[in-house]
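The structure under discussion appears below in the form of structure tokens.
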There are 2 protein chains.
Amino acid sequence: MKSQLSAKRKRIVDFIRQFMEAKGYPPTVRDIQGGCGISSTSVVDYHLKVLEKEGHIRRDAEVSRGIELLGRASSLPKVQVPIIGQIAAGEPVPVPDSETWDAAAGADLLEVTADLTRGRQDIYALKVKGMSMVDALINDGDIVLMQYVNTVDNGEMAAVWLKAEKEATLKKVYIEPGRVRLQPANSRMQPIYAEPENVEIQGKVIAVIRQLGKPA
Amino acid sequence: MKSQLSAKRKRIVDFIRQFMEAKGYPPTVRDIQGGCGISSTSVVDYHLKVLEKEGHIRRDAEVSRGIELLGRASSLPKVQVPIIGQIAAGEPVPVPDSETWDAAAGADLLEVTADLTRGRQDIYALKVKGMSMVDALINDGDIVLMQYVNTVDNGEMAAVWLKAEKEATLKKVYIEPGRVRLQPANSRMQPIYAEPENVEIQGKVIAVIRQLGKPA
DNA sequence: TTAAAAATAGAACAATTGTTCTTCTTAGGC
DNA sequence: GCCTAAGAAGAACAATTGTTCTATTTTTAA
């Protein structure tokens, strides 16, 4: 149902998008009139009616600024995730506290679409430092999205703190009788085993994001 | 400047957010009045004035629905990236064509925030199949964001098609005198060398996204 | 060329909607 | 109690803004 846009109507849609971005609310018919160099409000209304029929916008009758851009741009909400620190082999893993998710708290924020977090709560992010996690297929500089939990299901990847060794690592965790098996994500590599008392789950790994060719 | 919200004002802010999500445009004073069970428009105006002074919203005077939520919505635009196929060791790498970025073209779309693509154009995505890319620290099921280019700078990671071997791989590419060095991202591993005629750059790797614990 | 469809113009109207004014109630500090 | 500030109520007003009507021009198709 969504046919191709004529030049003028594409201009109108673009204008609505820009206006929305700049102001936070949609333009009026007269805003569009001025912004697109159209000489009458009735012409704007005419094109808006066509755009609605073609499925590019949705309009609410008799409602001021009652225009919504469709084209499934607005579907997925964004989530802001605080980057609370870095994870490195020899350092304790930063853990979120009650203030971590206060909007005011000024930490670095990463913005991701909600499909990455799948609507989960208590999400935070850590920046990976060093090459010690390559067995988990995680590189220096990667961002790991974490969920703050103290237990994980078998096979889920978690940030693990090995108390005796004072070492942080990212591994798939399997609870086995009398021991915990820590399995690298790279299944070609060998697991290591640890005493249950020696293992502290610091959080569950939800996703990994790597940007290549970063500036310094 | 952003003090804590009283119960009633928190309700108003939440209502504005929900209304915005549902309708695509902000509510009127009277919408808020009805939605929050307030008995007079002047009371709504009173609270909106306070919310603006406290920095939670921005208002445009004399403008209908002239309310913008601040704080969140740092308004990084989102980008829709088509997932045009999969990349596996023994298969040719899908390359985008002119129709790939037509909004209408129905392929799977991945939505990411623009900071991931850094505003680059001609971005597409591939789903990694198989374990053959683990030397690039890329796992089965990962999504790689690609930019459609035929040449890369030294050290950038690219999707490479080795014509003779009929094999696809993701490697860092270094042009050297008389040969091309293909270096795994895992720097502990050894590079391989190829004839320049045997190397076809299919695209540059911009980012890697991995979701853990996916449903089937 | 000619007729139909698409697009444009200008104006007037009516509904929506922000603003303001006055009065009243409630809550907390002294 | 008495005071001040915050909050609430209702109504009236004025600006904003969507809608509609008729007439005209341009484009498209036969």
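Every chain is numbered from 1 and lettered A, B, ... according to where its sequence line falls, protein lines coming before strand lines. In this text, all values refer to a predicted model and were calculated from it rather than measured experimentally.
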Check your understanding: Under the criterion side-chain contact (heavy atoms from CB on, under 4.5 Å), which of B:L110, B:V208, B:L126 is the partner of B:L145?
Key ->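 Of the listed options, the one satisfying the test is B:L110.
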Check your understanding: Is the shortest distance from a Lys or Arg side-chain nitrogen in A:R210 or B:D142 to a carboxylate oxygen in the other one below 4.0 Å?
Key ->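 No, this pair does not count.
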Indicate whether the side chain of [X] and that of [Y] have a donor and an acceptor atom separated by less than 3.5 Å.
{"X": "B:S6", "Y": "B:K8", "answer": "no"}
{"X": "A:D31", "Y": "A:T28", "answer": "yes"}
{"X": "A:E165", "Y": "A:N198", "answer": "yes"}

Between [X] and [N], does any side-chain N or O lie under 4.0 Å from OP1 or OP2?
{"X": "A:R65", "N": "C:dT16", "value": "no"}
{"X": "A:H47", "N": "C:dA6", "value": "no"}
{"X": "A:T28", "N": "D:dT16", "value": "no"}
{"X": "B:R9", "N": "D:dA6", "value": "no"}
{"X": "A:K8", "N": "C:dT8", "value": "yes"}
{"X": "A:S64", "N": "C:dT17", "value": "yes"}

May I have the distance from [X] (atom [atom1]) to [N] (atom [atom2]), rounded to whole angstrom?
{"X": "A:R30", "N": "D:dA15", "atom1": "CZ", "atom2": "P", "result": "15 Å"}
{"X": "B:E54", "N": "D:dA6", "atom1": "CD", "atom2": "P", "result": "11 Å"}
{"X": "B:I67", "N": "D:dT16", "atom1": "CD1", "atom2": "P", "result": "17 Å"}
{"X": "B:D45", "N": "C:dG18", "atom1": "CG", "atom2": "C1'", "result": "7 Å"}
{"X": "A:Y46", "N": "D:dC21", "atom1": "OH", "atom2": "P", "result": "17 Å"}
{"X": "A:Y25", "N": "C:dT16", "atom1": "OH", "atom2": "C1'", "result": "16 Å"}
{"X": "B:R11", "N": "D:dG7", "atom1": "CZ", "atom2": "P", "result": "16 Å"}
{"X": "A:I16", "N": "D:dT17", "atom1": "CD1", "atom2": "P", "result": "15 Å"}

Check your understanding: Could a donor-acceptor pair under 3.5 angstrom be found where the side chain of A:S42 meets the base of C:dA9?
Key ->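 Yes, a donor-acceptor pair under 3.5 Å.
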Point to revise | Donor-acceptor pair (no angle test) under 3.5 Å: B:T41 side chain, C:dT19 base | key: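 Answer yes: a donor N or O sits under 3.5 Å from an acceptor.
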Sidechain-backbone polar pair: [X] side chain, [Y] backbone, donor-acceptor under 3.5 Å:
{"X": "B:R58", "Y": "B:I67", "answer": "no"}
{"X": "A:R11", "Y": "A:C36", "answer": "yes"}
{"X": "B:D122", "Y": "B:Y148", "answer": "no"}
{"X": "B:K163", "Y": "B:E197", "answer": "yes"}

Practice item. Classify the nucleic acid contact of A:V50 as base, sugar-phosphate or nothing, counting any heavy atom under 4.0 Å across all strands shown. Key: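 The residue A:V50 makes no contact with any strand.
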Check your understanding: Can you list the steps and then say if B:V81 with B:V79 is a side-chain contact (heavy atoms from CB on, under 4.5 Å)?
Key -> CA-CA 6 Å; B:V81 179; B:V79 180; 4.2 Å; yes
Check your understanding: Heavy-atom contacts under 4.0 Å between residues 31-38 of chain B and DNA chain C, which residues?
Key ->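 The stretch gives none, as no residue of it lies under 4.0 Å from the strand.
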Review point. Per the end-axis method with five pairs at each terminus, what is the bend angle of the helix from C:dT1-D:dA30 to C:dC30-D:dG1, to 10°?
Key: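 Overall, the helix from C:dT1-D:dA30 to C:dC30-D:dG1 bends by 40° from one end axis to the other.
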